[in-house]
**Student:** 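Would you mind keeping the following structure in view while I ask a few things?
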Amino acid sequence: MAKESLKIPKKIPTHLAIIMDGNGRWALEKGLPRLAGHRAGTENLREVIEACAEFGIQYLTIYAFSTENWNRPPEEIQGLMKIFRMMLDRELNNLHEDGVQLRHIGRLDKIDQELRDKVKEAIQLTKDNKTLILNIAFNYGGRDEILHAVKQLMEDGHKAEDLDEDLFAKYLYTADSPDPDLIIRTSGEYRCSNFLIWQAAYSEWYFTSTYWPDFGREELHQALTVYDQRERRYGEIQNIKDV
Ligand code: IPE
Ligand code: IPE
Ligand code: MG
């Protein structure tokens, strides 16, 4: 089907982050098992990634599995790991051809060897790609990231007086990405669920009731159109002349 032509808004976020939520409810409302929702939630990823490149976004971070998601039933966790493995097998070459550079944020140490190796291979294969940087937040938690950074800073022998925001940010998993300009959360939940808690200090948020498997290019465009209207003040005032 031909893509609808969409007017690209003037102000595009350099870094978009997405909390891909609602897979389970999408499935249950259709009388399907939750894992069918997780599978469906990988089918639309390609469209969203392509649309990000089309709209000029340079960094996309997607929340795929949180440090708290280990508290789900083992069958769901195993099913999710299998879906991630299959997704990498299916999509890696396409992503590489499209110039997507894959990165991982979070911890790989708790992940089984086969999947960990696949992730590392994908990072290695795509490391010179330039079209879009895709950070996959997988076994990621913002609090874990901050604690990890503090421990590394201490191990590297930094003193309290050395520490400032720039140095701290260099120790986060996202050291090589700018802070997200826009964060989208699908499925009608209004919380950050431990996602990018340091980096989101001045991010704009866009919430939609759409479940993640139904989120696509047009709704991404809608979110960007809303972002284009936002005024980011960073604690300042808009017009100094009004004082
Ligand atoms: C998001 O969908 C995917 C993951 C957290 C892995 P959910 O599985 O949280 O779906 P809901 O929120 O239960 O509908
Ligand atoms: C956040 O969604 C994690 C991911 C999307 C991977 P959750 O569904 O796990 O978050 P809560 O439990 O509703 O806060
Ligand atoms: Mg959820």
Side-chain angles (χ1 to χ4, degrees), residues 15-49 52 59-88 90-91 102-112 115-116 118-119 122 134-148 172-174 177 180 182-200 203-216 219-220 223:
H15 183 175
L16 169 70
I18 307 181
I19 302 177
M20 310 184 293
D21 199 10
N23 294 349
R25 281 164 285 162
W26 180 93
L28 294 180
E29 285 180 16
K30 292 182 156 47
L32 298 168
R34 288 178 56 85
L35 281 174
H38 293 311
R39 272 192 293 277
T42 64
E43 299 297 327
N44 59 327
L45 250 180
R46 184 96 200 270
E47 176 182 329
V48 172
I49 292 168
C52 283
Y59 295 80
L60 171 65
T61 298
I62 51 174
Y63 205 5
F65 193 87
S66 75
T67 46
E68 288 71 42
N69 289 148
W70 294 108
N71 298 324
R72 294 190 179 196
E75 309 75 56
E76 176 156 345
I77 296 173
Q78 278 156 23
L80 273 166
M81 296 298 156
K82 191 168 159 205
I83 291 166
F84 294 143
R85 259 199 311 274
M86 282 164 51
M87 209 225 17
L88 267 182
R90 194 187 66 196
E91 293 296 335
L102 274 164
R103 295 181 185 171
H104 168 254
I105 61 170
R107 283 176 188 258
L108 285 179
D109 48 3
K110 232 180 151 182
I111 307 301
D112 83 71
L115 182 53
R116 207 185 323 157
K118 273 190 199 301
V119 172
L134 177 62
N135 287 315
I136 303 181
F138 178 67
N139 193 18
Y140 171 88
R143 289 184 173 183
D144 166 74
E145 176 179 43
I146 288 172
L147 274 180
H148 178 261
L172 296 173
Y173 299 135
T174 52
S177 303
L182 174 65
I183 304 180
I184 295 175
R185 183 165 188 155
T186 58
S187 87
E189 305 295 351
Y190 300 89
R191 54 179 170 267
C192 78
S193 302
N194 206 6
F195 188 46
L196 302 177
I197 52 181
W198 169 277
Q199 300 88 337
S203 303
E204 297 293 325
W205 286 83
Y206 177 87
F207 297 101
T208 169
S209 58
T210 303
Y211 293 141
W212 172 249
D214 292 330
F215 187 93
E219 193 158 2
L220 172 61

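We count ligands from 1, going down the list as the structure has it; atoms in each ligand are counted the same way. None of the values given here were measured: they were computed from a predicted structure.
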**Student:** Going by distance only, is there an N or O of Glu189 that falls short of 3.5 Å from an N or O of ligand 2?
**Tutor:** no

**Student:** For Asn69 and ligand 2, does the shortest N/O to N/O distance drop below 3.5 Å?
**Tutor:** yes

**Student:** Has Glu189 got an N/O/S atom less than 2.8 Å from the Mg ion (ligand 3)?
**Tutor:** no

**Student:** Tell me which part of Arg72 gets within contact of ligand 1: side chain, backbone, both or neither, using heavy atoms under 4.0 Å.
**Tutor:** side chain

**Student:** Below the 3.5 angstrom mark, is there an N/O of Ser187, backbone or side chain, next to an N/O of ligand 1?
**Tutor:** no

**Student:** Give me the residue, atom name and distance of the protein heavy atom closest to atom 6 (C) of ligand 1.
**Tutor:** Ala64 O, 3.4 Å

**Student:** Can you tell me if Gly22 has a non-hydrogen atom under 4.0 Å from ligand 1?
**Tutor:** yes

**Student:** Are Arg25 and ligand 2 in contact, using a heavy-atom cut-off of under 4.0 Å?
**Tutor:** no

**Student:** Does ligand 1 have an atom that lies less than 4.0 angstrom from a heavy atom of His38?
**Tutor:** yes

**Student:** Could you identify the single nearest non-hydrogen protein atom to atom 1 (C) of ligand 1 and state the distance to 0.1 Å?
**Tutor:** Met20 O, 3.1 Å

**Student:** Is the closest N or O pair between Gly24 and ligand 1 shorter than 3.5 Å?
**Tutor:** yes

**Student:** Does an N or O from Asn23, backbone or side chain, lie closer than 3.5 Å to an N or O of ligand 1?
**Tutor:** yes

